[in-house]
Asker: 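Can you keep this structure in mind? I'll have questions shortly.
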Amino acid sequence: MDRLIEGHRRFLAEVFPGKRSQFHLLAETQAPEWLFITCSDSRVVPDLILGTGPGDLFITRNAGNVVPLTSHDVDGVTATIEYAVEVLKVKSAILCGHSDCGALKAALDRNGLEEMPKARRWLSHVESAFSHRQPLNPEDGEGAELAALIRGNVVAQLWNLRAQPAVARAVTAGRLTVYGWYYDILTGRIEQYDEQARRFVPLVG
Ligand SMILES: [Zn+2]
């Protein structure tokens, strides 16, 4: 805990004063342009890899960057998506998976899930990744099989995202664009899914 308290102390002393006017503007309203759906993984730090800050990204995170398609009741992910699209009127929705994702690893090898009934049930949402599995990329080395499945999960969850009624309406009306990304922790690079070509291409050439 000490490290966090010290970090907050530094924020109050060194960061906040310089951004006081920005926080003043943000204190009563937000108008984020992007909805960002990603994994809970601690190594994915959106503001760091995208150069964004307070007020920029409306974020929802969960294990495996899942957008549940069939749910008997409301869930946090789809409610957040609905709010972002209908109320905040974000212009883009980005679904971002990442290398070495524990959720897809667990879906692949099924180890250690006996003790975690909730996680096991949650992982049923990534089953569709298997049918969208992407070609093996030799650059992914030993993790190529897992990376192909993680990219497949991005494609699968992108389908689920587009199927959300609020998203479907906004996309049809031309006021929302949906993107699928794969973030590689080792290289720091992002790939974007090209839906026409049905493959992932570097976001930055
Ligand atoms: Zn993950």
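When a ligand or atom number is given, it counts from 1 through the structure's own listing order. Please read these numbers as outputs of a predicted model, since none were measured by experiment.
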Asker: In chain order, what residues pass the ring-ring contact (aromatic ring centres under 6.0 Å, His included) check against F23, with sequence neighbours excluded?
Answerer: F16
Asker: Taking atom types as modelled, find out whether N65 and T38 have a side-chain donor-acceptor pair closer than 3.5 angstrom.
Answerer: no
Asker: Should the pair H8 and F11 be assigned to parallel (<30°), tilted (30 to 60°) or perpendicular (>60°) ring geometry?
Answerer: parallel
Asker: Have N153 and Q157 got a donor and an acceptor in their side chains that come within less than 3.5 Å?
Answerer: yes
Asker: Spell out the protein N/O/S atoms under 2.8 Å from the Zn ion (ligand 1) as residue plus atom name.
Answerer: C39 SG, H98 NE2, C101 SG
Asker: If hydrophobic clusters are built from ILVMFWY residues whose side chains come within less than 4.5 Å, do L95 and L176 share one?
Answerer: yes
Asker: Could you go through E195 and R162, starting from their C-alpha distance and side-chain angles, then the distance that decides it, and tell me whether this counts as salt bridge (Lys or Arg N to Asp or Glu O under 4.0 Å)?
Answerer: CA-CA 13 Å; E195 297 196 55; R162 286 186 181 283; 2.7 Å; yes
